[in-house]
K.L.:
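One structure, as structure tokens, below. Some questions next.
What you see below is based on every heavy atom in this structure, not just the backbone, and it leaves out hydrogens, waters and symmetry mates. Predicted, not measured: the structure shown is a model, and the values here were computed from it.
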Amino acid sequence: GAKRFVYISSLGADTGRSPYHLSKRRAEAIVRTFNGEWIVVRAGNVFGPGDEQISLLLRMMRTLPTLPVIGDGDQRFQPIWHEDLAELLSRVVERDDLHGKELEVAGGELTSQNDLINRLSKITGREVPRVPVPELIASMGMRLASAVGIGVGLSESQLRMLSEGNQIAAGRENALFTQFRMTP
């Protein structure tokens, strides 16, 4: 009996090649067949207390003697604060003019591993030497660790998403600003 379906997807679901993005793309296709109003919200990397990326990087900064940096560390992504996404979703549910829309939402800043490490160094007052890890080596290391039951905090799918980037593409609108006039 539901009249509206709001699906939370991910930036890059329309073009990404990671298993995660492929699953989101398939789910979006299913949502479009919903016999009622549907809205797809493609969110950037959601961050907040206990998230699996930025909080993990902060824990690593605080505890490790050296910090592994995947590739050159300059892969761009556009995170969104969890409270901003929650506010946006509450507004999506209340609006009647969004049926059949695919909304891309992210925070206002592009960042990277290197940028985050610089920011976290300032916050923590701790400079941790960086060790570049080529993506191929990181991928092989994750497979090996997984095979012996060791969790490394980053999956192969996440590694692929990192290399693909996670940001609103040039020429596309950020619905956080254009549809909802929110300030992150």
K.L.:
Give a yes or no on this: more than 12 heavy atoms of other residues, nucleotides or ligands lie within 6.0 Å of atom CZ of Arg91.
P.N.:
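Enclosed: over 12 neighbouring heavy atoms sit under 6.0 Å from CZ of Arg91.
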
K.L.:
Where do Glu109 and Gln78 come nearest, in terms of heavy atoms and distance?
P.N.:
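Reported closest heavy-atom pair: O-CG, 3.5 Å.
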
K.L.:
Between the side chains of Asn45 and Asn166, does any donor sit under 3.5 Å from an acceptor?
P.N.:
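No, no side-chain donor-acceptor contact under 3.5 Å.
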
K.L.:
What distance do Ile168 atom CD1 and Leu110 atom CG have between them, rounded to the nearest 0.5 Å?
P.N.:
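So the gap between those two atoms works out to 9.0 Å.
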
K.L.:
Using a cut-off of 6.0 Å, state whether more than 12 heavy atoms not belonging to Asn35 lie near its atom CG.
P.N.:
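It does not: Asn35 CG has 12 such atoms or fewer within range.
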
K.L.:
Of all heavy-atom pairs between Pro129 and Pro65, which one has the smallest distance, and what is that distance?
P.N.:
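Reported closest heavy-atom pair: CD-O, 3.3 Å.
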
K.L.:
Grab the two heavy atoms, one from Leu22 and one from Gly16, that are nearest each other, plus how far apart they are.
P.N.:
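Closest heavy-atom pair between Leu22 and Gly16: CD2-O, 3.9 Å.
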
K.L.:
CD of Gln75 to CG of Asn114: how many Å apart, nearest 0.5 Å?
P.N.:
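These two atoms lie 8.0 Å from each other.
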
K.L.:
Mind checking whether Tyr7 and Lys24 have side chains closer than 4.5 Å, heavy atoms only?
P.N.:
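Yes; the side chains approach each other to less than 4.5 Å.
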
K.L.:
Find the distance between CG (Leu176) and CG (Asp84) and round it off to the nearest 0.5 Å.
P.N.:
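Nearest 0.5 Å value for the CG-CG distance: 6.0 Å.
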
K.L.:
Determine whether Met60 and Pro68 make a side-chain contact, defined as any pair of heavy atoms from C-beta on separated by less than 4.5 Å.
P.N.:
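They are in contact (side-chain heavy atoms under 4.5 Å apart), so the answer is yes.
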
K.L.:
Do Trp81 and Phe47 make the cut of ring centroids closer than 6.0 angstrom?
P.N.:
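They qualify: ring centres under 6.0 Å apart.
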
K.L.:
Under a single-linkage definition using a 4.5 Å side-chain heavy-atom cutoff for Ile, Leu, Val, Met, Phe, Trp and Tyr, are Leu56 and Val69 assigned to the same hydrophobic cluster?
P.N.:
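Same cluster: Leu56 reaches Val69 through Ile, Leu, Val, Met, Phe, Trp or Tyr contacts under 4.5 Å.
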
K.L.:
Hey, does Asp14 have a side-chain heavy atom less than 4.5 Å from the side chain of Arg172?
P.N.:
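Yes, side chains in contact.
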
K.L.:
Under 6.0 Å from the six-membered ring centre of Phe5 and within 45° of its axis: does the NZ or CZ of Arg32 meet both?
P.N.:
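Because its charged atom misses either the 6.0 Å distance or the 45° angle limit, Arg32 does not stack over Phe5.
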
K.L.:
If Ile, Leu, Val, Met, Phe, Trp and Tyr residues are connected whenever their side-chain heavy atoms lie under 4.5 Å apart, and connections chain through other members, are Phe180 and Val6 in the same group?
P.N.:
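Phe180 and Val6: one cluster.
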
K.L.:
Of the options Arg42, Glu104, Glu28, Glu102, which is the one that meets Ser9 in a side-chain hydrogen bond (donor to acceptor under 3.5 Å, both in side chains)?
P.N.:
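Between Ser9 and the candidates, side-chain hydrogen bond (donor to acceptor under 3.5 Å, both in side chains) is satisfied uniquely by Glu28.
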
K.L.:
State the CG-OG1 distance between Leu58 and Thr124, to the nearest 0.5 angstrom.
P.N.:
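Rounded to the nearest 0.5 Å, the CG-OG1 separation comes out at 7.0 Å.
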
K.L.:
Would you say Glu87's side chain and Met182's backbone share a donor-acceptor pair under 3.5 angstrom?
P.N.:
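Here the side-chain-to-backbone pair does not exist.
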
K.L.:
Could you tell me whether a side-chain N or O of Arg25 sits under 3.5 Å from a main-chain N or O of Arg17, the two making a donor and an acceptor?
P.N.:
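Answer holds: no.
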
K.L.:
Hey, mind stepping through Glu37 and Lys3 against salt bridge (Lys or Arg N to Asp or Glu O under 4.0 Å) and telling me if it holds?
P.N.:
CA-CA 6 Å; Glu37 295 181 12; Lys3 295 177 182 169; over 6 Å; no

K.L.:
Is the shortest heavy-atom distance from the side chain of Val131 to the side chain of Leu67 under 4.5 Å?
P.N.:
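SC-SC contact between Val131 and Leu67 ruled out.
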
K.L.:
Under a 4.5 Å cut-off applied to non-hydrogen side-chain atoms, are Leu103 and Ile39 in contact?
P.N.:
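The answer is yes, as the side chains (C-beta and beyond) meet within the 4.5 Å cut-off.
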
K.L.:
Hydrophobic clusters here meaning ILVMFWY residues chained together by side-chain heavy-atom distances under 4.5 Å, can you tell me if Trp38 and Ile30 are in one?
P.N.:
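Each belongs to a different hydrophobic cluster.
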
K.L.:
Quick test of your reading of the model: are Arg76 and Asp115 salt-bridged, counting only N-O distances below 4.0 Å?
P.N.:
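Salt bridge between Arg76 and Asp115, a charged N being under 4.0 Å from a carboxylate O: no.
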
K.L.:
Determine whether a donor-acceptor pair (N or O, by modelled atom type, separation under 3.5 Å) exists between the side chain of Ser55 and the backbone of Gly48.
P.N.:
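The answer is yes, because a donor-acceptor pair under 3.5 Å joins these two groups.
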
K.L.:
Flag the pair Ile80 / Pro184 as yes when at least one side-chain heavy-atom distance between them is below 4.5 Å, and no otherwise.
P.N.:
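Sidechains of Pro184 and Ile80: no contact.
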
K.L.:
Check whether any side-chain heavy atom of Ile70 lies under 4.5 Å from a side-chain heavy atom of Gln113, and answer yes or no.
P.N.:
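Result yes, sub-4.5 Å side-chain heavy-atom pair found.
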
K.L.:
Quick check for you: to the nearest 0.5 Å, what is the distance between Ser121 atom OG and Glu127 atom CD?
P.N.:
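Atom-to-atom, Ser121:OG and Glu127:CD are 4.0 Å apart.
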
K.L.:
Within the side chain of His21, is there an N or O that forms a donor-acceptor pair under 3.5 Å with the backbone of Leu11?
P.N.:
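Indeed, once roles are kept as given, a pair shorter than 3.5 Å links the two residues.
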
K.L.:
Between Asp96 and Arg4, is the closest basic N to carboxylate O distance under 4.0 Å?
P.N.:
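Here Arg4 pairs with Asp96 in a salt bridge, since their nearest N and O are under 4.0 Å apart.
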
K.L.:
Taking Ser10 for its side chain and Ala13 for its backbone only, find out whether a donor-acceptor pair lies under 3.5 Å.
P.N.:
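No; judged by distance alone, with no hydrogens or angles, the pair does not exist.
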
K.L.:
Among Arg95, His99, Lys101, which one satisfies side-chain hydrogen bond (donor to acceptor under 3.5 Å, both in side chains) with Asp97?
P.N.:
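Output: one option passes, namely Arg95.
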
